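Here the structure is a predicted model, which is why all the values come from computation and not from measurement. Atoms within a ligand are numbered from 1 in the order they appear, just like the ligands themselves. Note that these values count all heavy atoms, side chains included, but never hydrogens, waters or copies made by symmetry.
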Amino acid sequence: MTGLFVTGTDTDVGKTVITAGLLRALRLAGCSARAIKPVQTGVDADTHPYNDTQCYTEALTALPKFPELHSLAPACGFRFRLAASPHLAARQEGQRLTVSDICGRLRDFPAPFALLEGAGGALVPLNESETMLDLMAALGLPVLLVARNGLGAINHVLLTVQALSQRGLRLAGLVVTRTAPLPENDDERLVLADNLACWRAQPGIPAVWEVPFMPDLGNAAAALENRLKVWDAVAHCLAPLAKQLVHNPQDATTETLTDRDRRVLWHPYTSAVNPLPVYEAASTSGTRITLADGRQVVDGMASWWCAVHGYGHPRLVQAVQEQVGRMSHVMFGGLTHKPAVRLAERLLEWLPEGLSRVFWSDSGSVSVEVALKMALQFQRSQGRDRTRILAPRGGYHGDTIGAMAVCDPENGMHSLFTGLVNEHLFVPRPSCRFDAQYDPASTQELEAAFTEHGSELAAVILEPIVQGAGGMWFYHPEYLRCVSALCQQYDVLLIADEVATGFGRTGKGFACEWAGITPDILCCGKALTGGMLSLAGTACTERVARGICANGHVFMHGPTFMGNALACRVAEASLELLRDNNWPEQVAALESGLRLGLAPCAAHPDVVDVRVLGGIGVVECRNPVNIAELQRFFVKQGVWIRPFNRLIYLMPPYVTTSADLRRLTEVILMALEHGVHRV
Ligand code: PLP
């Protein structure tokens, strides 16, 4: 949707006349705008005929018609008789309003440019848990704030501006109205002028427009002729805002965001010229993603393993807000701070015993680069020229060049980068399933590789227990124990890449715990900040740290955003939240829901395997699936699932309810039954 949301600091501040006046100004500026009132209370056709939508219609009197708006009259979504807050007015009529229902109805009101007028102020309740602000956030439109100039207005305006900003809403500006003539008294005049000066000086308010007192403004009793003069006067005051909206293509064009996206952006693992479709996300809350067209989908992906607490958890939001006011970022060279130190202490409590030092970086891939560099520098410090890394096939460690070189050579398309990526040593994917009787034959080739190349190896890198993006494969803990023992025997470092598996996802705090091993180096990221910000860590043992730093050497790495204070603070809050929410219980509930819900998929002839571990559920198909069609189907069914290659899989937020989990698994089964997965 393209347009503007008009809200007020309070009820009766003049929102409707400003919406109607702006509608007139926009039409005069050549914009085919339409005004819509999503919820109106106090509408009684008998006693209150001059309602808000009639006001919009009147403001359009004597204007040229726009052909594209021919059949589009000003519109109203939900109307209630009682002049009260929407939650109460709806309740009185035995109804319950929701953001989702309102967005659904707005979809039926097409408008090239929509002027949406809210009811009351930002925090007016729609029901017992949602407010007008939630509606604004779901729509994601820029917001125009209307305030009445008077005593106490500074506070009302600034509180509303703060609330909008905290929900990530962009303020288009402030319109200041007067509902009484200018006072005679000098002191009162001083207050009004100072209010305006104060708002104009606020960096959070991009523009302030003033509409002076007009006796016939919104006055139903005034003669129509006089009211029309008023509409012209209001439109004149708002003409600069209308021009700005018309000339700012972001707000005024009908080109969709996805069209613009296609022109200027590139998305992961897809073509720039013929990309897979993308959906516009307007906002997120809890386990829901609201799309720009108002549809809400249940998140089944936790945004690629990150959003374990769902989206916008109040404790994480509060942590960000507190920290951003204090210190968002400061260079880590020569400076330190509480969030970085405290988070390292907390993280080490989560990690296998023996890991004692943390290096912060900004993404999982970089944490892997750091780990590989640590291993190479460590070997050099021991006087050994060991530069080869051993990795099982089927692994994924990130997309930077060093990380890519240790990803599965086929999935990672090493052939595309011959000469650029180092040629490391690969052994077959760990073949023994997590839940099978252990087969000692599954480590034969691994043992042979150590016998032949053990003295050349700097390190082994693997994803413990769950190979994620390389195939969502769960393997036996005994394999991991065997790798760890071989590493010790040949004095090769073991790097556990727990970027995806960390923080409870597999049912253990970190997946190494399934085998009871401590790696020499461990990478983590993704869920570390609960999905709020990008942060990763590489932890190592004291032996590795001291080895690298022996004889006055230093570790050669230092990302600009290392130890970002904001990310560290929110990560600390996320770890606390995991503990307080009893994550083992949450993940166990996910596991049983996924097992129950996905089991019927195994009977489908196109499915070769269904597997579940902790909060991960995988349906593996015989052939690559039709990603675009499946996604279209999933969104239509109200769920967000992103398949890849032959896999349709779920890793929902830990806070997912059993009903939502049922829905997610049901829809996968439905897609298979309808053959949507077939290319
Ligand atoms: N390592 C593993 C195991 C991963 O799953 C990923 C990402 O999916 C990465 C590393 C790379 O992390 P990032 O995408 O944050 O660079």
Side-chain angles (χ1 to χ4, degrees), residues 266-270 301-308 351 359-375 389 391-409 411-413 421 424 429-430 459-475 480 483 494-506 508-512 514 519 521-539 557 559-562 564 567-568 570-571 574 613-616 618 642-645 647 649-651:
W266 209 316
H267 281 264
Y269 310 110
T270 191
M301 308 304 293
S303 280
W304 280 339
W305 316 81
C306 296
V308 287
L351 296 182
F359 189 98
W360 295 127
S361 61
D362 25 29
S363 73
S365 302
V366 176
S367 78
V368 169
E369 298 288 340
V370 168
L372 294 171
K373 233 182 197 183
M374 279 182 177
I389 310 286
R393 286 180 181 267
Y396 176 78
H397 300 284
D399 293 337
T400 49
I401 302 285
M404 199 170 64
V406 289
C407 291
D408 181 273
N411 288 339
M413 296 197 215
V421 297
H424 292 303
R429 181 177 93 161
V460 171
I461 186 166
L462 47 69
E463 297 153 274
I465 306 299
V466 174
Q467 289 188 313
M472 305 299 286
W473 174 244
F474 313 152
Y475 65 86
L480 191 52
V483 176
L494 176 58
I495 304 172
D497 177 354
E498 296 238 26
V499 168
T501 47
F503 307 105
R505 181 56 74 176
T506 68
K508 298 279 186 195
F510 276 77
C512 282
W514 285 108
I521 302 173
L522 181 145
C523 306
C524 64
K526 288 197 184 270
L528 174 59
T529 64
M532 295 288 280
L533 285 158
S534 183
L535 180 70
T538 309
H557 212 93
T560 305
F561 280 93
M562 182 169 181
N564 177 266
C568 288
V570 76
S574 174
L613 180 66
I616 317 165
V618 183
R642 170 94 175 161
F644 78 85
N645 202 355
L647 306 168
Y649 65 105
L650 295 171
M651 44 207 186

**Q** If only atom types and distance count, is the side chain of Arg505 paired as donor or acceptor with the main-chain N or O of Gly615 below 3.5 Å?
**A**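 Answer holds: yes.
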**Q** Tell me the nearest of Glu498, His397, Gln467 to atom 10 (C) of ligand 1, using heavy-atom distances.
**A**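 Shortest heavy-atom distance from atom 10 (C) of ligand 1: His397.
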**Q** Just by distance, do the side chain of Thr506 and the backbone of Gly614 share a donor-acceptor pair under 3.5 Å?
**A**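 Pair absent, no side-chain N/O of Thr506 close to backbone of Gly614.
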**Q** Mind checking whether Ser365 contacts ligand 1 via backbone (N, CA, C, O), side chain (CB onward), both or neither, at a 4.0 Å heavy-atom cut-off?
**A**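 It is both backbone and side chain that touch ligand 1.
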**Q** Of the side chain and backbone of Trp304, name the one, both, or neither that has a heavy atom under 4.0 Å from an atom of ligand 1.
**A**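 The answer is neither.
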**Q** Quick one: which ligand 1 atoms are inside 4.0 Å of a heavy atom on Ala500?
**A**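 Close to Ala500: 5 (O).
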**Q** Sub-3.5 Å donor-acceptor pair from the side chain of Ser303 to the main-chain atoms of Ala307, do we have one?
**A**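 Such a contact is absent between Ser303 side chain and Ala307 backbone.
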**Q** Heavy atoms only: give me the nearest Val499-Ser367 pair and the separation to one decimal.
**A**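 For Val499 versus Ser367, the nearest heavy atoms are CG2-OG, 3.8 Å.
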**Q** Determine, considering heavy atoms only, which of Ser361, Cys306, Gly364 sits nearest to atom 15 (O) of ligand 1.
**A**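 Residue with the shortest heavy-atom distance to the ligand atom: Gly364.
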**Q** Find all atoms of ligand 1 within a distance of less than 4.0 Å from any non-hydrogen atom belonging to Glu463, and give their numbers and elements.
**A**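 Those atoms are 3 (C).
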**Q** Is it the case that the side chain of Gln467 and the backbone of Trp473 share a donor-acceptor pair, with hydrogens and angles ignored and the cut-off at 3.5 Å?
**A**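 It does not hold such a pair.
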**Q** I need the atoms of ligand 1 closer than 4.0 Å to a non-hydrogen atom of Ser363, numbered in the order shown.
**A**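 The list of qualifying atoms is 15 (O), 16 (O).
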**Q** Identify the heavy atoms of Met472 and Ile616 that sit nearest to each other, and give their distance.
**A**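 Result for this residue pair: CE-CG2, 3.4 Å.
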**Q** Return yes if some donor-acceptor pair links the side-chain N/O of Glu498 with the main-chain N/O of Cys512 below 3.5 Å, else return no.
**A**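 Yes.
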**Q** Check each atom of ligand 1 against the heavy atoms of Asp497 and keep those under 4.0 Å away; list them by number with element.
**A**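 Answer for ligand 1: 1 (N), 2 (C), 3 (C), 10 (C).
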**Q** Which heavy atom of the protein is the closest neighbour of atom 4 (C) of ligand 1, given with residue, atom name and distance?
**A**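 Checking every protein heavy atom, the shortest distance to atom 4 (C) of ligand 1 gives Tyr396 CD2, 3.7 Å.
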**Q** Purely on distance, is any nitrogen or oxygen of Lys526 under 3.5 Å from one on ligand 1?
**A**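 Between Lys526 and ligand 1 (N or O atoms, distance only) the closest approach is under 3.5 Å.
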